[in-house]
There are 2 protein chains.
Amino acid sequence: MTKHMPSKQQVAYHTLKQRILDGTYGPGYRIVIDRVAKELGVSAIPIREAIRRLEAEGFVEVERFSGAKVTRIDARMYEDCLSVLAVLEGYATAQAYRSLTDDDFQALRETNEAMRQARSDFDLTLYSRLNQQFHEIILRRCPNRYLVDEIHAVRERMDAMRVSVFNLIPHRASDSIAEHDKLIQLMAVDIGEEAVERFARQHRLATLEAFRRWNEQHHRMVAERKEWYRASREVHPPGTDS
Amino acid sequence: MTKHMPSKQQVAYHTLKQRILDGTYGPGYRIVIDRVAKELGVSAIPIREAIRRLEAEGFVEVERFSGAKVTRIDARMYEDCLSVLAVLEGYATAQAYRSLTDDDFQALRETNEAMRQARSDFDLTLYSRLNQQFHEIILRRCPNRYLVDEIHAVRERMDAMRVSVFNLIPHRASDSIAEHDKLIQLMAVDIGEEAVERFARQHRLATLEAFRRWNEQHHRMVAERKEWYRASREVHPPGTDS
DNA sequence: ACATAGGAAATCGTATACGATGGTGACATG
DNA sequence: CATGTCACCATCGTATACGATTTCCTATGT
């Protein structure tokens with residue numbers, strides 16, 4: 001009888017966080033306290049407290065008298081986060097790999113095979129989840145709990161950015177899977193902490209590089225479209241066609 | 001006229017955080033909402049929201065119907081945090097050092113000299129502050145804002161642990177200052193990101209090692225004292241002397 | 001003296017109430 | 001027609017009120 005029902009504040013917190021993570025509340029979405037309160041059948045107080053926690057975790061930005069908006073993220077911030085993730089996860093992998101059991105190695109190989117399959121099937125969601133799972137298997141053996149928590153926090157924030165899907169830039173997926181194989185091998189032959197860390201970090205940074213290239217191209221496309229649009233306006237001035 | 005007075009919640013947040021950081025509320029201290037509310041002349045609501053933020057940042061732990069207590073920290077957690085700090089700051093230093101100006105180098109040298117002086121004067125507080133300042137000079141040039149924010153967050157949490165004073169384990173201070181000199185030199189000759197990162201990380205990890213040794217010895221002393229106390233009780237059973 | 005049950009006081013969690021503020025649209029004015 | 005102003009409304013921030021739960025003290029029995 002020592003356990004409690006979850007408090008309304010906790011419910012509100014998990015509900016809101018869930019919605020941010022799954023995209024129901026996309027970047028920039030304004031969370032209106034009263035609306036959420038009515039929806040959950042509680043008063044505004046628990047909602048407000050939940051929002052404060054989300055604020056501290058960086059999921060929303062609160063401006064006084066203006067309300068809470070889901071954090072909008074730009075490419076720059078995304079890259080910064082990904083770098084930090086690369087560094088932390090690289091270190092964590094190095095700290096953890098010597099504690100991996102045979103079962104762990106088996107699980108890593110199986111997960112990576114499943115990723116290969118998911119890639120063939122173009123199942124982005126499954127691929128993403130498996131990718132997370134792969135690194136989670138290693139992280140579970142990391143003795144530094146604080147480090148692991150930090151990594152999870154960074155990952156969650158990046159999930160909220162909804163750019164993560166672009167983990168799956170076409171050929172990056174193949175490279176990534178191959179790198180997983182290599183990583184497994186390096187760890188299996190106990191190649192040393194430094195080499196493992198360097199490789200694990202590089203694995204993430206490669207995704208970052210791929211993102212950079214994709215982003216640049218994306219911007220060029222947008223610019224071209226704007227250019228095209230501007231040109232077309234000179235032929236058809238606004239308001240002439242309706 | 002677009003600016004606001006700080007909200008009461010903000011005031012509460014900064015006040016509480018300040019008190020945790022400066023030790024007014026030591027680890028384990030129970031923060032009673034009503035008391036703080038009366039003291040600040042506000043209602044409980046802003047206090048509660050402030051506490052939620054502190055909770056999310058890890059400064060306090062909240063148990064339902066029991067209240068918020070300043071996070072108690074054990075040696076293990078301290079070591080974990082320090083490791084993460086070492087890794088992040090090492091990377092940040094490597095990313096930043098090529099942007100250091102001549103003025104920055106000058107400031108680094110001066111700060112380190114001031115540390116030498118503070119060490120001679122046994123001015124722990126000043127030494128600590130200068131040490132922070134030294135690394136801050138470098139951090140200012142780090143292009144990865146998210147990384148810098150994370151480092152600051154980790155540092156603040158470690159400050160709250162009130163163990164940081166042990167930065168100043170006797171001979172560790174000398175070594176630390178010498179390492180700063182070496183770091184300056186490595187950066188000045190542009191020895192490369194990898195070497196800078198490795199050295200900067202090692203610099204922090206050395207403090208961690210010093211802490212480990214100190215902690216072990218400390219525990220041994222406590223154990224001895226207990227042993228001594230137990231032995232003395234056999235001669236003077238409790239309650240005989242009053 | 002010690003353990004235990006019971007209850008009062010302290011404290012927490014949440015609802016309701018209301019002033020404060022910012023955005024929006026109607027309306028007036030050039 | 002453009003622009004500025006003013007009043008209204010949605011929403012935020014905070015105070016007060018009150019039931020829920022823990023904590024602590026006390027009285028009681030062994």
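Letters A, B, ... are given to chains in the order of the sequence lines, protein chains preceding strands, and every chain is numbered from 1. Just so it is clear, the model here is predicted, and its values are computed rather than measured.
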Enquirer: If you count heavy atoms of other groups shown closer than 6.0 angstrom to CZ of B/R72, is the number above 12?
Expert: no
Enquirer: Taking all heavy atoms of A/G26 and all of A/V70, pick out the closest pair and write down the distance.
Expert: O-CB, 3.4 Å
Enquirer: Can we say A/E55 and A/R52 salt-bridge, meaning some charged N sits less than 4.0 Å from an Asp/Glu carboxylate O?
Expert: yes
Enquirer: So, the side chain of A/T93 versus the backbone of A/A200: is there a donor-acceptor pair under 3.5 Å, distance only?
Expert: no
Enquirer: Is a donor from one side chain sitting under 3.5 angstrom from an acceptor on the other, for B/T24 and B/D22?
Expert: yes
Enquirer: Could you state the NZ-P distance from A/K69 to C/dG22, rounded to the nearest angstrom?
Expert: 13 Å
Enquirer: What is the per-nucleotide protein-contact pattern of nucleotides 8-21 of chain C, from the 5' end, where B denotes a base atom under 4.0 Å from a protein heavy atom, S denotes such proximity for sugar-phosphate atoms only, and - denotes neither?
Expert: ---SSBBBB----S
